[in-house]
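Working notes, structure below.
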Amino acid sequence: MQTKTIYILAIESSCDDTSAAVLCNDEVLSNVVATQKIHKEYGGVVPELASRAHQQNIVPVVHQALAKANIDKKQLSAIAFTRGPGLMGSLLVGTSFAKSLALGLNIPLIEVNHMQAHLLAHFIADKDNTKPTFPFIGLTISGGHTQIVLVKDYFKMEVLGQTLDDAVGEAFDKSAKILGLPYPGGPLIDKYASDGNAKKYEFPIPKVGELDFSFSGLKTNILYFIQKEVKKDSEFITDNLEDICASIQYTIVKILLLKLKNAIKQTGIKQIAIGGGVSANSGIRKALKDKEKTNQWQTYIPKFEYCTDNAAMIGIVGYLKYQEELFSKQDITANARYRI
Ligand code: KG4
Ligand code: ZN
C-alpha cells in the first residue's frame with residue numbers, strides 16, 4: 001500500500017461534458033464540469049460539435065480544476081484520462097491532451113474505462129457514505145449504456161446483461177422528445193414525474209432475457225400512445241404532462257428493479273451499486289432505498305455530482321491504478337468501443 005500523498009489530475013471527455021478533477025489520494029479536491037449547451041439546439045449530441053467544444057473547453061477547465069484544488073501542475077503524480085467508450089472525436093481530445101501533459105511533466109499516464117469509472121465512483125472518499133465490498137452487482141445506467149455488471153474486484157468486472165437496443169438514458173431522452181421537451185429530457189421527466197400519478201397510464205414491460213434490457217419497443221409504444229391521444233385532444237400532452245412523465249418513469253424504474261431482482265436471484269449477491277447519469281433519477285433512487293428497507297438489499301447510490309459524467313470518477317480509478325502501478329504507454333489510443 002502506498003503511503004505517500006498522490007495527486008491525480010483526471011480528464012473526462014467521452015461525450016458532451018468536458019471535465020477535469022484533482023484528487024489527493026481518494027479525496028476529491030476539485031471537479032469542474034463544462035456541459036456543452038450547443039447540443040440542445042439539435043435535440044441530441046452532435047459528435048463533430050462535441051469534439052470542437054472539448055477543444056475549446058479543455059484548457060480552461062483544467063486550469064480551473066488546478067486552481068480550485070490549489071495545486072500546481074508540478075505537484076501532480078499522474079494524469080488519468082477516459083480512454084473509452086464514447087464518441088471517438090470527443091475521446092481524442094482528452095486522450096491527446098492527457099498524453100501531452102503527462103509527457104511534458106514526465107509523470108505517469110493512466111488510461112481509464114469510463115464504464116468502470118461510473119461503478120468505481122463509489123470508492124471516492126466520503127464521510128457520509130459507506131463503500132460497497134466485493135463482490136457486488138453494478139448497474140450502469142447512462143445515455144449510452146445499460147449494463148448489469150458483476151464486480152469481483154476493482155478491475156475484475158463481468159457484464160451479466162445489457163441492453164439489446166437503446167440505453168435507459170435514451171429511453172428517457174427520446175420519450176421526452178416525443179413530449180416536446182428539450183434535450184436532455186431525462187431530468188425533465190424526473191421533474192414533472194414528481195407531481196404526477198404514476199399509475200395513470202400503463203406501458204408494457206419488454207420481454208427479453210432475464211438480465212438483458214430493451215427500450216426501443218417501449219419508446220415506440222409511448223410514441224403511438226401519444227399520437228393516438230393527441231389526435232383525440234390536441235391539448236393532451238399539456239394537460240397531462242405530469243401523469244405521463246410519472247407513468248413513463250414508473251415503467252422504466254420497474255424494468256430496472258425487475259432486472260436487479262433477477263441478478264440477485266442468479267448470483268446470490270445482495271449488494272447493488274448504481275452508476276451513470278440515470279442514477280440521478282429520483283424514482284430509481286427512492287425505489288432502491290425502499291428495497292433496502294424491505295428486501296435487505298444493500299444499495300449504494302452515488303452523490304448527484306458523481307452520477308452524470310465527471311472527471312472525479314476518472315480520478316478515483318487513476319488513484320486505484322496508481323497504487324498498482326497500472327500505467328499506460330505513450331502509444332495508447334482512444335477506444336470508442338472499450339469494453340468493461
Ligand atoms: O452518464 P451520463 O452523464 O452520460 C453518458 O455517459 O451517457 O448520462 C446522461 C444521461 C442522459 O440520457 C440524461 O437524460 C440522463 O442521463 N439523466 C437522467 C437524469 N439525470 C440525467 N435521466 C433521468 N432522470 C434524471 N434525473
Ligand atoms: Zn457516463
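Order of appearance sets the numbers: ligands from 1, and atoms from 1 within every ligand.
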Between His122 and Asn129, do the side chains contain a donor N or O and an acceptor N or O under 3.5 Å apart?
no

Work out the angle at the Zn ion (ligand 2) between OD1 of Asp309 and NE2 of His114, rounded to 10°.
90°

Are Lys291 and Trp297 in a cation-pi setup, meaning NZ or CZ lies under 6.0 angstrom from the ring centre and within 45 degrees of the ring axis?
yes

Students often mix this up, so state it plainly: with edges at 30° and 60°, are the rings of Phe136 and Phe123 parallel, tilted or perpendicular?
tilted

Between Phe203 and Tyr250, ring centroids under 6.0 Å:
no

Hey, is Asp290 close enough to Lys286 for a salt bridge, meaning N to O under 4.0 Å?
yes

Restricting to N, O or S, what is the name of the atom of His118 that lies nearest the Zn ion (ligand 2)?
NE2

Less than 4.0 Å from some atom of ligand 1, heavy atoms are found in residues His114, His118, Ser142, Gly143, Gly144, Gly169, Phe172, Asp173, Pro184, Gly186, Pro187, Asp190, Gly276, Gly277, Val278, Ala280, Asn281, Thr308, Asp309

Kindly confirm or rule out a cation-pi arrangement of Lys131 over Tyr300, judged by NZ or CZ under 6.0 Å from the six-membered ring centre and within 45° of its axis?
no

Does Glu210 come within less than 4.0 Å of Lys265, counting only side-chain N to carboxylate O?
no

